[in-house]
Peer 1: 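Quick one: this structure, given as structure tokens, is what I'll be asking you about.
We count residues from 1, following the sequence as given.
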Amino acid sequence: MSNLLWQKPGVAVDAKIQAFLAGDDVILDREFFLHDIAASKAHAEGLQHIGILSADELAGLLRELDALAADFRSGAFVLDERYEDCHSAIESRLTERLGDAGRKIHTGRSRNDQILVATRLWLKQKLARVAELSREIARVALDRAQAESALPLPGYTHIQRAVVSSAGMWWAGWAEAFIDDAIRATDTLKLVDANPLGTAAGYGVNLRLDREHTTAALGFARMQVSPIYAQLSRGKFELAALEALGSATLDLRRIAWDLSLYTSAEFGFVALPAQYTTGSSIMPNKRNPDVIELMRAAHASVAAARTEIEQLLSLPSGYQRDLQSSKGAIVHGFGRGLAALELLPTLLSNLDWREDRLRAAIDSGMYATDVAVEAAVAGVPFREAYRAAAAGAEHAGDGRTPEGSLAARVSPGAAADLRLDALRARWQALA
């Protein structure tokens, strides 16, 4: 690595120190490289608007930036240890191809400004994907809730058999959860949809930069006006994005826990498609639900990323190099979280209930609540009805069926009144 922009005459660059400073930038920046190129194009157009670049210089820069993007996509250009980061790689390539015009691309910018806008564009893209996947998961759950509304399913509290429930109620719960997750991701996207390009290192520059143009060119909803707030928002916006992702991966973790239990031999309620299981390397009799177990684990990476960034933010105002570490956190958190969410819609579409096992798991005691409520409706004080139902729990199911219990569950949202139309209306409003 040579010709560092910030290198001072007569001061040698220590290789170990520089390696520590650079960290994993050239690896992590592969995630952000195309976004940095897009932002560089918009910045170049803005420089031409204020007379820093001629029309010919701008044309050359745009042409070479497009060529660099194409080379990166094809693998002809690799961001590697030859470069300090993605920004230096872009400037090096432009200088090599265009000479002085290439050197002008950094006018009015800082490396912090560059990574701030590139990661902001990246976060927008990732949040849109969280919202899209959450909508798709909610759709699958809604459809299956409708189709399986009357299928009896044991209901548990404290991981103990409690009452008769239904597949319709189970699916409706996940539908509403992921509708909320989609809303949260969309709302967070609106928060981060602010253009920091042109704020430099947090104090602006003595150029009348065309920030209105770069805001529109990059598809931002608004300009992030204050250069100081642009710095204050770095980490804060990443934290908000991870929290939105974490809302979905928390629900993913709990649905994966249900499926982990339901696929066990002890429950046996669910059969997974074969591709979602693996064979044991030592026990020939087993198929393991590895996919749902790793789905269960994905939230840990999101939570770790959130914690890492939160700990970075114990900083005064202004740019601090500590914030460089936020890149690795969001790449890891979104990488693990989105990969798990990507698999969930198809998994949910293809799992099969084992109805014989579901019905066999509904015992007499699970009707005791029905007995108590019916007595209360007839005028018996509930505490007395409760004690009587508890005493006769072994016979509470006599003459009863799961279908009858579900038909009597008429409170809003319960088995006999799932309110799927209300949930579907909320889902449709997401589009």
Peer 1: How about F334 and W122: are their ring centres within less than 6.0 Å of each other?
Peer 2: yes
Peer 1: Ignoring hydrogens, what is the shortest heavy-atom contact between D29 and D85? Give both atom names and the distance.
Peer 2: OD2-CB, 3.3 Å
Peer 1: Taking CZ in R184 as the centre, count heavy atoms belonging to other residues, nucleotides or ligands within less than 6.0 Å. Is the count above 12?
Peer 2: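 Counting other residues, nucleotides and ligands, CZ of R184 exceeds 12 neighbours.
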Peer 1: Establish, from distance only, whether the side-chain atoms of T215 and R211 form a donor-acceptor pair under 3.5 Å.
Peer 2: no
Peer 1: With under 30° as parallel and over 60° as perpendicular, where do the rings of Y386 and F382 fit, or are they tilted in between?
Peer 2: tilted
Peer 1: Between R321 and Q324, does the side chain to side chain donor-acceptor pair (under 3.5 Å) criterion hold? Intermediate values first, please.
Peer 2: CA-CA 6 Å; R321 186 67 179 267; Q324 174 180 328; 2.4 Å; yes
Peer 1: So for atom CG, which belongs to D421, do other residues, nucleotides or ligands contribute more than 12 heavy atoms lying within a distance under 6.0 Å?
Peer 2: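 Counting neighbours around CG of D421, 12 or fewer heavy atoms of other residues, nucleotides or ligands fall under 6.0 Å, so no.
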Peer 1: For L242 and V302, which heavy atoms make the closest approach, and how far apart are they?
Peer 2: O-CG1, 3.6 Å
Peer 1: Testing the basics here: between V117 and Q114, what is the closest heavy-atom pair and its distance to 0.1 Å?
Peer 2: CG1-O, 3.3 Å
Peer 1: Within this structure, what is the CZ-OG1 distance for the pair R234 and T199, rounded to the nearest 0.5 Å?
Peer 2: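 Atom-to-atom, R234:CZ and T199:OG1 are 11.0 Å apart.
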Peer 1: Would F77 and Y83 count as a ring pair (Phe, Tyr, Trp, His ring centres under 6.0 Å) here? Give the steps.
Peer 2: CA-CA 12 Å; F77 177 87; Y83 306 103; 5.7 Å; yes
Peer 1: For the atom pair OH (Y367) and CD (E374), what is the distance rounded to the nearest 0.5 Å?
Peer 2: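 Answer rounded to 0.5 Å: 12.0 Å.
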Peer 1: Search all heavy atoms of A329 against all heavy atoms of E308 and return the closest pair with its distance.
Peer 2: CB-OE1, 3.7 Å
Peer 1: Under 6.0 Å from the six-membered ring centre of F220 and within 45° of its axis: does the NZ or CZ of K124 meet both?
Peer 2: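 So K124 does make the cation-pi contact.
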Peer 1: Should the ring pair W353 and Y262 be called parallel, tilted or perpendicular, given that the plane angle runs from 0 to 90° and is split at 30 and 60?
Peer 2: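 Answer is tilted, since the angle falls between 30° and 60°.
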Peer 1: If I compare all heavy atoms of A241 with all of L123, which pair ends up nearest, and what's the gap?
Peer 2: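 That closest heavy-atom pairing would be CB-CD2, 3.8 Å.
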Peer 1: Looking only at the side chains, is there a donor atom on one of N195 and T214 sitting less than 3.5 Å from an acceptor on the other?
Peer 2: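 The criterion, which ignores hydrogens and geometry beyond distance, is satisfied for T214 and N195.
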Peer 1: Does atom CD of E394 have more than 12 heavy-atom neighbours, drawn from other residues, nucleotides or ligands, at distances under 6.0 Å?
Peer 2: no
Peer 1: Closest approach of R359 and P402, non-hydrogen atoms and distance?
Peer 2: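 So the minimum-distance heavy-atom pair works out to NH1-CG, 4.0 Å.
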Peer 1: Compute whether any side-chain donor of one residue and acceptor of the other, for R120 and S233, lie under 3.5 angstrom apart.
Peer 2: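 On atom types as modelled, these side chains qualify, holding a pair under 3.5 Å.
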Peer 1: Taking CZ in R222 as the centre, count heavy atoms belonging to other residues, nucleotides or ligands within less than 6.0 Å. Is the count above 12?
Peer 2: yes
Peer 1: What orientation do W174 and W170 show, parallel under 30°, tilted 30 to 60°, or perpendicular over 60°?
Peer 2: perpendicular
Peer 1: With distance as the sole criterion, is a donor-acceptor pair present between the side chains of Q146 and R424 under 3.5 Å?
Peer 2: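 Per modelled atom types, Q146 and R424 side chains form no pair under 3.5 Å.
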Peer 1: Which of these passes side-chain contact (heavy atoms from CB on, under 4.5 Å) with Y276: D290, L351, T346, I292?
Peer 2: T346
Peer 1: Taking the six-membered ring for Trp, are the ring centroids of Y203 and Y319 within less than 6.0 Å of each other?
Peer 2: no
Peer 1: Would you call the rings of F237 and Y229 parallel, tilted or perpendicular, where under 30° means parallel and over 60° means perpendicular?
Peer 2: perpendicular
Peer 1: Pair S405, R409 - check side chain to side chain donor-acceptor pair (under 3.5 Å), show working.
Peer 2: CA-CA 7 Å; S405 179; R409 201 79 51 76; 3.1 Å; yes
Peer 1: With no hydrogens and no angle check, just 3.5 Å: does a side-chain donor-acceptor pair link T277 and N288?
Peer 2: no
Peer 1: Decide if atom CZ of R254 counts as having more than 12 heavy atoms of other residues, nucleotides or ligands within a radius under 6.0 Å.
Peer 2: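 No, CZ of R254 has 12 or fewer neighbouring heavy atoms, counting only those of other groups under 6.0 Å.
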Peer 1: Is there a donor-acceptor contact under 3.5 Å linking the side chains of W171 and D143?
Peer 2: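 Side-chain D/A pair, W171 to D143: absent.
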